[in-house]
Amino acid sequence: MTSCTELPANLPVPADDGACDHLPGLTLPSISLPTTANRSVNLAAQPSRVVAYFYPMTGRPSVPLPDGWDAIPGARGCTPQSCGFRDHAGELAAFGATVFGVSTQPLAEQTEAATRLHLPFELVSDERLELVTALRLPLFEAGGRRLVRRLTLVIADGRIEHVFYPVFPPDTHAAKVVEWLARLNS
């Protein structure tokens with residue numbers, strides 16, 4: 001790869017298995033989770049609209065991805081997705097949205113990614129699967145870890161306003177969220 005926004009060709013496309021059909025309109029539980037800004041955040045209590053993109057696992061330099069990673073539909077693309085949200089952060093903010101990236105990775109791994117990718121927003125660690133379990137978000141296992149499937153929640157006043165699932169391709173997803181917010185605000 002020559003840039004963080006490029007993906008290998010022929011990745012398997014995830015199917016909509018209905019695993020997120022229960023989410024629209026749901027009130028988020030009040031759960032505080034650690035962020036890369038050395039604080040805790042409760043996504044249900046944010047004063048602005050929240051775009052929370054959930055992703056399986058950001059790869060780390062010189063650490064191999066789990067065996068078969070590219071064969072798992074929707075697994076590959078966390079770094080390109082985060083770079084997309086980074087690159088569209090200004091547009092999302094112009095629509096009054098606060099962005100958070102959420103994964104089940106440990107906070108130290110997320111902090112490394114946030115620094116390396118120059119992310120202007122916080123990554124949130126749900127390593128203990130508190131929010132993921134409370135919302136019944138879809139999971140899969142790879143490399144001995146339970147990882148959340150890629151999805152995005154748009155949250156307003158503590159309620160899930162919109163769900164993007166499945167998300168593919170991940171590298172262009174942030175632009176789709178911007179388009180959705182533009183239609184909402186037109």
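His22 contributes a side-chain N or O that, together with a main-chain N or O of Leu135, makes up a donor-acceptor pair within less than 3.5 Å. Checking side-chain atoms of Glu109 against main-chain N and O of Thr58 turns up no donor-acceptor pair under 3.5 Å. At distances below 3.5 Å, not a single donor-acceptor pair connects side-chain atoms of Ser82 with backbone N or O atoms of Leu119. Although no hydrogens or angles enter the test, the distance criterion places a donor-acceptor pair under 3.5 Å between the side chain of Arg150 and the main chain of Ala75. A distance-only check finds no donor-acceptor pair linking the side chain of Glu122 to the backbone of Thr35 [under 3.5 Å]. Thr36 places a side-chain N or O within 3.5 Å of a backbone atom of Leu123 that can act as its donor or acceptor partner.
Hydrophobic clustering of Ile, Leu, Val, Met, Phe, Trp and Tyr side chains at less than 4.5 Å, counting indirect connections, keeps Leu26 apart from Tyr53. No continuous path of hydrophobic side-chain contacts links Val154 to Ile160 [ILVMFWY only; heavy atoms under 4.5 Å]. Cluster membership for Phe100 and Val178, using ILVMFWY side-chain heavy atoms within less than 4.5 angstrom, is not shared. Ile155 and Phe95 fall into different hydrophobic clusters, where Ile, Leu, Val, Met, Phe, Trp and Tyr residues are linked whenever their side-chain heavy atoms come under 4.5 Å apart, directly or through other members. Residues Val50 and Phe121 do not share a hydrophobic cluster, clusters being chains of Ile/Leu/Val/Met/Phe/Trp/Tyr side chains in contact below 4.5 Å.
Using a 4.5 Å cut-off on side-chain heavy atoms (C-beta onward), Arg146 and Val132 make no contact. Using a 4.5 Å heavy-atom threshold, the side chains of Pro120 and Arg86 count as touching. Here the side chains of Thr27 and Arg159 are in contact, with some heavy-atom distance below 4.5 Å. Taking 4.5 Å as the limit, every side-chain heavy atom of Leu147 sits out of range of all side-chain heavy atoms of Ser103. You'll find the side chain of Arg39 stays beyond 4.5 Å of the side chain of Ser32, heavy atoms only. Within the 4.5 Å cutoff, no side-chain heavy atoms of Leu181 are placed close to those of Glu91. With a 4.5 Å cut-off on side-chain heavy atoms, Leu23 and Leu137 count as touching. Using a 4.5 Å heavy-atom threshold, the side chains of Pro34 and Gln110 count as separate.
Cys78 approaches Pro56 most closely through the heavy-atom pair SG-CD, 3.3 Å. Counting all heavy atoms, side chain and backbone alike, Cys20 lies closest to Leu151 at SG-CD2, 4.0 Å. When all heavy atoms are compared, the tightest approach of Gly59 to Arg116 is O-NH2, 2.8 Å. Nearest heavy atoms, Gly96 versus Ser48: O-CB, 3.5 Å. Between Pro166 and Pro14 the shortest heavy-atom distance is CG-O, 3.6 Å. In terms of heavy-atom proximity, Phe85 sits nearest to Val177 at CZ-CG2, 4.1 Å.
Here the OG1 atom belonging to Thr79 is positioned 9.5 Å from the CG atom belonging to Leu7, to the nearest 0.5 angstrom. Atom NZ in Lys176 sits 9.5 Å away from atom CZ in Phe168 (nearest 0.5 Å). Atom-to-atom distance recorded for Glu127:CD and Arg145:CZ is 8.0 Å, nearest 0.5 angstrom. Separation of atoms CG (Asn38) and CG (Leu107) is listed at 7.0 Å; rounding is to 0.5 Å.
For Asp157, the CG atom counts as loosely surrounded, since its 6.0 Å shell holds 12 or fewer non-hydrogen atoms of other residues, nucleotides or ligands. Around the CZ atom of Arg136, the shell of radius 6.0 Å holds no more than 12 heavy atoms that belong to other residues, nucleotides or ligands. Counting heavy-atom neighbours within 6.0 Å of Asp67 CG, excluding the residue itself, gives a total of 12 or less. Few gaps surround CG on Asn185; more than 12 heavy atoms of other groups in view lie less than 6.0 Å from it.
Tested against Tyr165, the residues Asp21, Thr152, Asp17 include a single side-chain hydrogen bond (donor to acceptor under 3.5 Å, both in side chains) partner, Asp17.
Less than 6.0 angstrom separates the ring centroid of Phe164 from the ring centroid of His173.
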Does the side chain to side chain contact (heavy atoms under 4.5 Å, CB included) test come out yes or no for Arg76 and Leu65, once each step is laid out? CA-CA 9 Å; Arg76 182 69 178 255; Leu65 293 170; 4.0 Å; yes
For the pair Ile31 and Leu33, evaluate side chain to side chain contact (heavy atoms under 4.5 Å, CB included) and give the outcome as yes or no after the intermediate values. CA-CA 6 Å; Ile31 296 174; Leu33 297 170; 3.9 Å; yes
Go through it in stages, so that I can follow the logic: the residues are Val102 and Val148, the test is side chain to side chain contact (heavy atoms under 4.5 Å, CB included), and I'd like the CA-CA distance, side-chain angles, deciding distance and then a yes or no. CA-CA 9 Å; Val102 185; Val148 65; over 6 Å; no
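A salt bridge links Glu161 with Arg49: at least one charged nitrogen is closer than 4.0 Å to a carboxylate oxygen.
For Arg128, the side chain to side chain donor-acceptor pair (under 3.5 Å) partners are Glu130, not counting sequence neighbours.
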